[in-house]
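These notes are about the structure you will find just below.
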Amino acid sequence: MKNIIILCGAFLLLLTSNEVKSQSRKQKEVTIVYPKNNQKVRGAYKIYGSSEPNAVIKLAIISNYYKTNNNNGTKITKGEGPLKRLNRTYTLKSDRYGTWKIENIDLTNAGYEESFVIKASDGKKAQSIIVYDRTRPVLMD
């Protein structure tokens with residue numbers, strides 16, 4: 001009887017330790033920490049985030065804009081929706097802590113209302129954010 005109790009206790013201990021190990025090995029999702037979603041941007045930015053340690057991250061930046069007339073803000077291009085301008089992709093690797101970053105990414109509009117979709121993916125999980133620059137250019141006489 002004593003042996004059966006010891007055997008049952010060892011079996012329960014084994015089950016709980018395997019359950020804890022499987023929970024600790026849960027994959028860390030890819031996140032974009034900065035810039036934040038729906039943030040106004042203008043100029044050179046550092047984009048950074050987190051993921052699994054030593055993961056290969058594909059970072060895509062897709063630019064959408066509306067050309068406008070500088071004087072009254074009316075659209076001067078015809079057609080539906082925004083036009084795509086700068087589409088950039090980068091391959092990054094996260095460090096041993098799972099942090100990844102890229103510096104000096106230009107997020108400045110080209111004289112239009114412009115939004116940038118930033119997407120980070122590790123091949124399994126992905127996160128996207130949208131940032132914008134709606135600053136009108138200064139007219140010089």
Side-chain angles (χ1 to χ4, degrees), residues 2-141:
K2 188 176 182 182
N3 288 338
I4 292 175
I5 293 173
I6 292 172
L7 185 60
C8 288
F11 182 70
L12 288 174
L13 181 64
L14 181 64
L15 281 177
T16 56
S17 67
N18 281 342
E19 190 174 313
V20 169
K21 283 181 186 176
S22 67
Q23 288 175 357
S24 66
R25 290 184 185 169
K26 188 175 183 180
Q27 182 177 358
K28 189 174 178 184
E29 292 188 15
V30 176
T31 59
I32 299 171
V33 175
Y34 186 81
K36 300 290 185 193
N37 194 34
N38 293 320
Q39 178 178 326
K40 181 181 179 190
V41 295
R42 181 137 182 105
Y45 274 79
K46 180 191 316 181
I47 301 171
Y48 58 90
S50 63
S51 67
E52 284 286 312
N54 302 310
V56 175
I57 306 299
K58 299 283 185 188
L59 186 70
I61 302 172
I62 301 141
S63 170
N64 294 307
Y65 68 93
Y66 286 99
K67 277 188 169 180
T68 55
N69 182 332
N70 292 336
N71 296 331
N72 61 9
T74 59
K75 292 180 188 176
I76 58 174
T77 57
K78 295 188 179 188
E80 296 277 328
L83 305 169
K84 290 187 177 174
R85 183 171 73 94
L86 295 173
N87 298 325
R88 301 167 271 183
T89 58
Y90 304 93
T91 302
L92 310 169
K93 187 169 183 180
S94 62
D95 63 16
R96 64 183 178 164
Y97 304 108
T99 304
W100 55 265
K101 73 176 176 177
I102 188 166
E103 297 184 19
N104 296 322
I105 299 299
D106 186 24
L107 298 176
T108 304
N109 75 31
Y112 318 112
E113 282 186 25
E114 191 157 9
S115 63
F116 304 92
V117 177
I118 302 171
K119 180 180 179 181
S121 172
D122 67 355
K124 299 172 190 164
K125 303 260 183 178
Q127 182 188 16
S128 295
I129 63 166
I130 298 174
V131 294
Y132 63 91
D133 179 11
R134 297 186 186 115
T135 306
R136 299 236 182 240
V138 176
L139 298 176
M140 303 297 268
D141 287 336

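Along the sequence shown, residues carry numbers from 1. These numbers were taken from a predicted model, which means no experiment stands behind them.
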Determine the minimum heavy-atom distance between Ala60 and Thr89, stating which atoms define it. CB-CG2, 4.1 Å
Which heavy atom of Gln39 sits nearest to which heavy atom of Lys36, and what is that distance? OE1-N, 2.9 Å
Using 0.5 Å steps for rounding, measure from the CG atom of Leu92 to the OG1 atom of Thr99. 12.5 Å
Check: Ala55 main-chain N/O paired with Ser94 side-chain donor or acceptor under 3.5 Å: yes
Rounded to the nearest 0.5 Å, how far apart are CG of Asn54 and NZ of Lys93? 5.0 Å
Quick one: does any side-chain atom of Ser121 pair with a main-chain N or O of Lys58 as donor and acceptor, under 3.5 Å? no
Given Ile61, which partner from the list Asp106, Val117, Ile105 fulfils the side-chain contact (heavy atoms from CB on, under 4.5 Å) test? Ile105
Tell me, do Tyr45 and Ile102 make a side-chain contact under 4.5 Å, heavy atoms counted? no
Using modelled atom types and a 3.5 Å cut-off, is there a donor and acceptor pairing between side-chain atoms of Asn109 and backbone atoms of Glu114? no
Test side chain to side chain contact (heavy atoms under 4.5 Å, CB included) on Tyr132 and Lys40; report intermediate values, then the result. CA-CA 5 Å; Tyr132 63 91; Lys40 181 181 179 190; 3.7 Å; yes
I need the Asp122 CG to Ser51 OG distance, nearest 0.5 Å. 6.5 Å
Applying side-chain contact (heavy atoms from CB on, under 4.5 Å) to Val56 and not counting sequence neighbours gives Thr91
Evaluate Gln127 against Glu29 for side chain to side chain contact (heavy atoms under 4.5 Å, CB included), listing each step before the verdict. CA-CA 9 Å; Gln127 182 188 16; Glu29 292 188 15; over 6 Å; no
So, Asn37 side chain and Ile130 main chain: donor-acceptor pair closer than 3.5 Å or not? yes
Give the minimum heavy-atom separation between Ile129 and Pro35, together with the two atoms involved. CD1-O, 3.1 Å
CA sep, side-chain torsions, deciding dist, call: Leu59, Trp100, side chain to side chain contact (heavy atoms under 4.5 Å, CB included): CA-CA 10 Å; Leu59 186 70; Trp100 55 265; 4.0 Å; yes
If only atom types and distance count, is the side chain of Glu113 paired as donor or acceptor with the main-chain N or O of Arg134 below 3.5 Å? no
Thr108 side chain to Arg42 backbone, donor-acceptor under 3.5 Å: no
Which heavy atom of Lys119 sits nearest to which heavy atom of Ser128, and what is that distance? CG-OG, 3.4 Å
Could you grab the distance from atom CD1 of Ile32 to atom OH of Tyr48, nearest 0.5 Å is fine? 12.0 Å
Stepwise side chain to side chain contact (heavy atoms under 4.5 Å, CB included) check, Asp133 with Leu107: CA-CA 8 Å; Asp133 179 11; Leu107 298 176; over 6 Å; no
